[in-house]
Trainee: 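I have a structure here, written as structure tokens, and I will follow up with some questions on it.
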Amino acid sequence: MISFQPDFCEIALPEEGHYSIEDYGSSKARWCSGCGAHTILHSVQKLCEDEQLPPEKTVFVSGIGCSSRFPHYMKTYGFHGLHGRALPVASGVKFRRPDLNVFVITGDGDCCSIGAGHWVHGIRYNMKMVVLLFDNSIYGLTKKQTSPTSPLGTHSNTHPRGSVIPPINPIQSTLGFANVSFVAQTIDWKPAHLNATLKKAFDHPGLAFVRIVQRCPIWMRDTYEPTVKDPNALTLLDHEDGIVLDEKAKSTFRHIEQHDPSNLLKAREMAELVKETTPIGLFYQNKNAVRYDEYGAHNLGISVEERIGAINTLMDRYAI
Ligand SMILES: Cc1ncc(C[n+]2csc(CCOP(=O)(O)OP(=O)(O)O)c2C)c(N)n1
Ligand code: SF4
């Protein structure tokens, strides 16, 4: 388990009082050339710059996988932990330090396989954080084993003759979990949509779950290439309360569907679209869902600061 504080504390707030994108991390990550994770990294660093997040108040928690190397490339706090366990670690961080900006980076194996139990309850606890599911439909780091999101018939090292069990649809599953409050889908190769989705997720007052369809050119080229190349493969979910794109970015889509993100039943129907095309946009948002990170303080009738003080006292008492 590695928890670390890289060299950000050596980066004093620039004199002009403005962090630039370079202050948030490196653009030289050790992912394969053409891996979709590179564009996601850039987009997240851009979000940090746009929001001027103080690096010492920001933490990236991940599990294990290619995608989970993400915290190493950020000059913020980071925790590259145990396979499948990013969500409980992040929940602990958020409950203990509600003042921090918390991001979770998880792969489809990490989240939907070994970490699936935490996925259900992380969504249900709805603590304010952004969860980014890097879904490349394969176990990348361990060199091509079938993942729960691998399309039926995927040839892999665990299923050389093709996978036989239908995959999980992470959007549909998440929309079925209790107390779900924000579910969006985007892709790594359309930066305008990716950036707008991250911004919407960051602004959400609860747990924002974002599935990012991610290119893995090493193991899954045949799976994602048709979607990248075919202009008919995507459907943009459009609504004034959803992920709003400018006209130029919108004009790159051939298929646009109006979808009101307050309608959970319709959102579940939209998630089914994936059989014919990949829908991207905001499926569902409920800003009023119960938040466990707020509940503790509200229930006791104390402020967040008082709660932190109470937790500190307990930790001192038991020398934790
Ligand atoms: C408890 C445990 N079981 C298994 C592994 C081996 N392992 C490491 S990464 C990984 C799968 C990674 O796939 P995914 O989460 O989809 O991430 P990707 O590498 O594709 O980004 C597995 C099975 C491990 N590190 N720890
Ligand atoms: S194996 Fe795939 S997911 Fe992993 S770094 Fe390479 S391209 Fe990215």
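Both ligands and their constituent atoms are indexed starting at 1 by order of listing.
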Trainee: Got more than 12 heavy atoms from elsewhere within 6.0 Å of CG, Leu152?
Mentor: yes
Trainee: Say whether Ser113 and Tyr139, considering side chains only, have a donor N or O and an acceptor N or O under 3.5 Å apart.
Mentor: yes
Trainee: Of all residues at least two apart in sequence or in a different chain, which pass the side chain to side chain contact (heavy atoms under 4.5 Å, CB included) check with His155?
Mentor: none
Trainee: Donor-acceptor pair, distance only, cut-off 3.5 Å: does the side chain of Gln285 make one with the backbone of Leu282?
Mentor: no
Trainee: Salt bridge (charged side-chain N to carboxylate O under 4.0 Å, His left out): which pairs involve residues 118-138, sequence neighbours left out?
Mentor: Asp135-Arg211
Trainee: Using 4.0 Å as the upper bound for N to carboxylate O, is an ion pair formed by Lys250 and Asp246?
Mentor: no
Trainee: Taking the six-membered ring for Trp, are the ring centroids of Phe70 and Phe134 within less than 6.0 Å of each other?
Mentor: yes
Trainee: Measure centre to centre between the rings of Tyr284 and Phe182, then say whether the value is under 6.0 Å.
Mentor: no
Trainee: Tell me if the aromatic rings of Phe95 and Tyr292 count as close, with their centers under 6.0 Å from one another.
Mentor: yes
Trainee: For ligand 1, which of its N or O atoms have a protein N or O partner closer than 3.5 Å, and how long is each gap?
Mentor:
{"unit_1": "ligand 1", "atom_1": "15 (O)", "unit_2": "Gly109", "atom_2": "N", "d": "3.2"}
{"unit_1": "ligand 1", "atom_1": "15 (O)", "unit_2": "Asp110", "atom_2": "N", "d": "2.7"}
{"unit_1": "ligand 1", "atom_1": "16 (O)", "unit_2": "Asp108", "atom_2": "N", "d": "3.3"}
{"unit_1": "ligand 1", "atom_1": "16 (O)", "unit_2": "Asp108", "atom_2": "OD1", "d": "3.3"}
{"unit_1": "ligand 1", "atom_1": "16 (O)", "unit_2": "Gly109", "atom_2": "N", "d": "2.8"}
{"unit_1": "ligand 1", "atom_1": "16 (O)", "unit_2": "Ile138", "atom_2": "O", "d": "3.2"}
{"unit_1": "ligand 1", "atom_1": "19 (O)", "unit_2": "Cys66", "atom_2": "N", "d": "2.7"}
{"unit_1": "ligand 1", "atom_1": "19 (O)", "unit_2": "Gly140", "atom_2": "N", "d": "3.4"}
{"unit_1": "ligand 1", "atom_1": "19 (O)", "unit_2": "Leu141", "atom_2": "N", "d": "3.0"}
{"unit_1": "ligand 1", "atom_1": "20 (O)", "unit_2": "Asn136", "atom_2": "OD1", "d": "3.3"}
{"unit_1": "ligand 1", "atom_1": "20 (O)", "unit_2": "Asn136", "atom_2": "ND2", "d": "2.9"}
{"unit_1": "ligand 1", "atom_1": "20 (O)", "unit_2": "Ile138", "atom_2": "O", "d": "3.0"}
{"unit_1": "ligand 1", "atom_1": "20 (O)", "unit_2": "Gly140", "atom_2": "N", "d": "2.9"}
{"unit_1": "ligand 1", "atom_1": "21 (O)", "unit_2": "Cys66", "atom_2": "N", "d": "3.4"}
{"unit_1": "ligand 1", "atom_1": "21 (O)", "unit_2": "Ser67", "atom_2": "N", "d": "3.0"}
{"unit_1": "ligand 1", "atom_1": "21 (O)", "unit_2": "Ser67", "atom_2": "OG", "d": "2.7"}

Trainee: I want to verify a count. Protein N, O or S atoms less than 2.8 Å away from atom 2 (Fe) of ligand 2, how many are there?
Mentor: 1
